[in-house]
Amino acid sequence: MKPITMAFCALAAATTIAVTSCDSKKGEHTNPFMQAYDTPYQIPPFEEIEISDYMPAFNAGVEEAHAAIDSIVNNPEAPTFANTILALDNLSPTLERVMSVLMSLTEADSTPELTAVSDSILPAYSSFSDELMMNSGLFNRVKTLYDNRDSLGLAHDQMRALEHTYREFVRNGALLSDTDKEELKKVNNQLANLYIKFNKNLLNANNAFEIVVEDEADLAGIPASTVENAAAEAKERGKEGKWVFTLHAPSRLPVLQYADNRALREKMWKGYTGNAQSGENDNRPVIAEIVKLRARKAAIMGYKNFASYMTADVMAATPEAAENLLLQIWEPAKAKVAQEVAEMQALSDSLGNDFKIEPWDYYYFAEKVRHQKYDLDENAIRPYFAVDSVAKGIFTMANKLYGISFELMPDAPKYHPDVKVYDVKDAEGKHLAVFMTDYFTRASKRQGAWMEELKTSWVNPDGSVERPIVYNVGNFSKPTADAPALLTIDEVLTMFHEFGHALHG
């Protein structure tokens with residue numbers, strides 16, 4: 001999910017603003033963000049976007065939004081759903097376009113240049129969001145509608161939108177005094193900068209970490225495909241003839257699960273659990289500041305702690321209820337793990353080992369116990385789970401369940417060569433959505449797997465429907481020169497899981 005989002009992002013018909021800038025070397029360049037995209041299904045024209053386009057588009061978008069806000073606040077007519085709530089959904093198509101791409105690429109394919117731009121834009125965006133949410137004139141119109149909502153004759157979806165909008169304003173400081181509003185703005189700005197620093201430290205520390213293996217004997221047990229990728233990584237880092245393992249999941253997990261060298265497993269586990277906890281990328285001071293500021297924010301908002309603030313508008317309602325639910329899972333899970341570790345210890349002892357099972361032994365002996373009990377070698381079934389085969393299976397499943405189909409769009413704009421773009425069609429063959437996949441690990445991508453939207457879906461006032469652009473991101477092993485990208489069972493589950501979110505989108 002995006003770490004900073006606009007309060008209202010369901011934007012309707014785009015406003016065209018023709019703005020150009022001149023580059024003496026390249027001739028005239030039109031900023032792609034400044035007008036509706038002239039691409040299939042309004043896919044961002046990634047190949048045309050330049051680093052220099054972001055800040056001018058952001059500034060223009062904020063100016064466009066401020067003009068729209070002033071228009072709403074100064075409207076002499078009494079507040080209505082159309083002139084207030086719906087108008088808020090149309091503040092600035094320009095700002096939505098630039099922030100959608102910036103936030104997506106910052107997580108999925110960030111360069112040093114893009115990072116520098118986001119370092120400038122994100123705090124400014126946070127400030128803009130605060131100004132929006134704490135605008136008393138704007139909130140008064142929303143509150144008037146909210147207080148009289150039962151007599152407005154609103155449809156169910158309109159009532160939902162009104163109630164959600166009101167709650168968003170309240171949760172972001174609309175009811176505070178002017179003094180508290182100013183303090184909250186300062187706290188939010190500090191938090192925005194700390195979140196940027198935290199994520200930058202994490203990415204830098206993750207990319208900087210490496211385990212260099214020089215003796216081939218130390219690779220015993222590790223799957224051949226992982227060893228091959230480690231050799232390629234070493235070559236890329238100027239260490240040809242050696243093997244380099246990183247904290248990225250396709251490198252980390254096979255070492256923990258298969259490496260016979262216990263010292264290698266320990267080094268990997270400690271590297272992962274101690275990531276960004278020392279040196280120039282140490283996140284511990286950053287976390288300490290975040291905790292303090294979150295506590296201050298909760299106090300300003302009238303809550304006893306940040307957990308209370310965060311749970312107040314979700315199903316749990318209180319930290320105590322959330323903790324109670326977690327403990328219902330935690331205690332049985334602890335008992336199950338204790339049973340599993342006992343089995344691992346017994347197997348280890350039977351092999352003549354004289355050590356106690358440690359965290360870096362868990363995956364390794366879990367695999368051995370599984371093989372002993374069920375004669376199941378997970379590595380042996382990976383060839384059946386090539387990324388393209390699993391994708392085909394997922395698409396077939398979706399077609400059987402929902403009648404939708406996925407047609408590859410080889411010439412569609414994409415932000416990285418690894419990305420694949422599909423035209424999703426419903427059972428009648430009509431366009432339903434654009435779906436993108438970005439499955440392979442790289443240094444410019446944060447760890448993990450997620451689903452996000454480059455464009456949401458909404459219904460325009462005239463009844464026409466805007467369709468979404470949805471994408472899945474993963475961190476799976478890349479294909480090699482001799483073999484396709486093969487997935488573990490866990491990665492297959494991850495791929496299906498994120499596709500479930502994509503279906504929702």
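One-based numbering along the sequence shown. Scope of the values below: all heavy atoms of this structure, side chains included, with no hydrogens, waters or symmetry mates.
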**Message:** Quick check against the 3.5 Å criterion: does Lys414 have a side-chain atom that pairs as donor or acceptor with the backbone of Phe46?
**Reply:** no
**Asked** Hey, does the side chain of Ser100 reach the backbone of Leu454 with a donor-acceptor pair shorter than 3.5 angstrom?
**Response** yes
**Ring geometry between Phe499 and Phe406 (parallel below 30°, tilted from 30 to 60°, perpendicular above 60°)** = tilted
A quick test of your reading: do over 12 heavy atoms of other residues, nucleotides or ligands sit less than 6.0 Å from [atom1] of [X]?
X      : atom1 : value
Glu240 : CD    : no
Glu323 : CD    : no
Glu216 : CD    : no
Arg237 : CZ    : yes

Can a side-chain donor-acceptor contact be found between [Y] and [X] if the only test is distance below 3.5 angstrom?
X      : Y      : value
Thr226 : Tyr258 : no
Ser444 : Asp109 : yes
Asp349 : Gln345 : yes
Ser308 : Asn305 : yes

**Request:** Could you tell me whether Arg265 sits above the aromatic face of Tyr362, with NZ or CZ closer than 6.0 angstrom to the six-membered ring centre and within 45 degrees of the axis?
**Result:** no
**Prompt:** Is it true that the NZ or CZ of Lys239 lies under 6.0 Å from the centre of Trp243's six-membered ring and within 45 degrees of the ring axis?
**Reply:** no
**Message:** To the closest 0.5 Å, what do you measure between OG1 (Thr441) and CG (Asn206)?
**Reply:** 8.0 Å
